[in-house]
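To keep things clear, I will list the structure first and then write my remarks on it.
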Amino acid sequence: MPNSAESSSVQPTALVTGASRGLGAAIARELAPAHRLLLGARTPEALEPILGELPGATGWPVELTDYAAVARAVEPIDRLDVLVHNAGIADLGTIADSSVAQWRNTLEANLIAVVELTRLLLPALRAANGHVVLINSGAGLRANAGWSAYAASKFGLRAFADALRLEEPDLRVTSVHPGRIDTDMQRAIIAGEQRDYQPREFLTPETVARAVRNAVETPRDAHPTEVVLRPIPR
């Protein structure tokens, strides 16, 4: 990524949430050569490894469900070319065993926080005719047993993308629906399912990140509305 003030000033700006590791970090690496990056995570400490790897990037640490803090954090952003919503949680379980707190926490992190950050950044996105990329899930297309709250949040995220696309016709809005990805989150899910972890069963973060970059780099005469990726059994 170019380091001079002149080159970075003419580069498009991309904000990636959940960028400290896993898929978010992979997306940051893919976008780094052509973008001035703002990288989001809950704490500055979490961002230290990726910022050390991408010294041209800027940390953007904020708890996304602290809406007053988010409002303060977006104030300096007057133009934003790309917003990648990658942060989220996967609190799984059956409906019978779920709680109100689980549903609230999942919908808060995976849907409401996404909506509010996008709403606050609409002036900056409009100024750039920007592109909003929402990292959804296969669970946002089809719900599975044991994934009820998570699937509901992702179905809601898809509906939000559809509505945003209609309401903001000058923006591009892309929903990315990957299958399971080889990440730390996936390892925790597989452990909860009491199965052996086999990385070859899953997509790599790099593959999904490349799909995100391809969507962002799609020429402006096209609108990549949905990208669906599934792992090939190996």
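Along the sequence shown, the residues carry numbers beginning at 1.
Residue-environment remark: CG (L166) exceeds the threshold of 12 foreign heavy atoms within 6.0 Å. A 6.0 Å sphere centred on CZ of R165 holds more than 12 heavy atoms belonging to other residues, nucleotides or ligands. Heavy atoms of other residues, nucleotides or ligands lying less than 6.0 angstrom from CZ of R230 number more than 12. By the 6.0 Å contact criterion, CZ on R42 is open, its count of non-hydrogen atoms from other residues, nucleotides or ligands being 12 or less.
Contact check for S175 versus L157: no side-chain heavy atoms found under the 4.5 Å cut-off. No side-chain heavy atom of T13 sits less than 4.5 Å from a side-chain heavy atom of I77.
Distance check: L121 CG to E116 CD gives 9.5 Å after rounding to the nearest 0.5 Å. To the nearest 0.5 Å, atom CZ of residue R220 and atom CG of residue N129 are 6.0 Å apart. Here N110 contributes atom CG and N105 contributes atom CG; the two are 10.5 Å apart, rounded to the nearest 0.5 Å. Atom OH of Y67 is separated from atom CD of E108 by 3.5 Å, given to the nearest 0.5 angstrom.
The pair R72-E75 does not count as a salt bridge, with every side-chain nitrogen at least 4.0 angstrom from each carboxylate oxygen.
Side-chain heavy atoms closer than 4.5 Å link hydrophobic residues (I, L, V, M, F, W, Y) into clusters, and following such links, possibly through other members, connects L23 to V133.
No donor-acceptor pair under 3.5 Å is formed between the side chain of T106 and the backbone N or O of W103. Panel note: side chain R29, backbone A209; no donor-acceptor pair is recorded below 3.5 Å. A donor-acceptor contact shorter than 3.5 Å is absent between the side chain of R36 and the backbone of T58.
Partner of V114 under the side chain to side chain contact (heavy atoms under 4.5 Å, CB included) criterion, out of L64, T17, L134: L134 alone. Results of the side chain to side chain contact (heavy atoms under 4.5 Å, CB included) test with V115 over L111, I112, L117 single out L111 as the only residue that passes.
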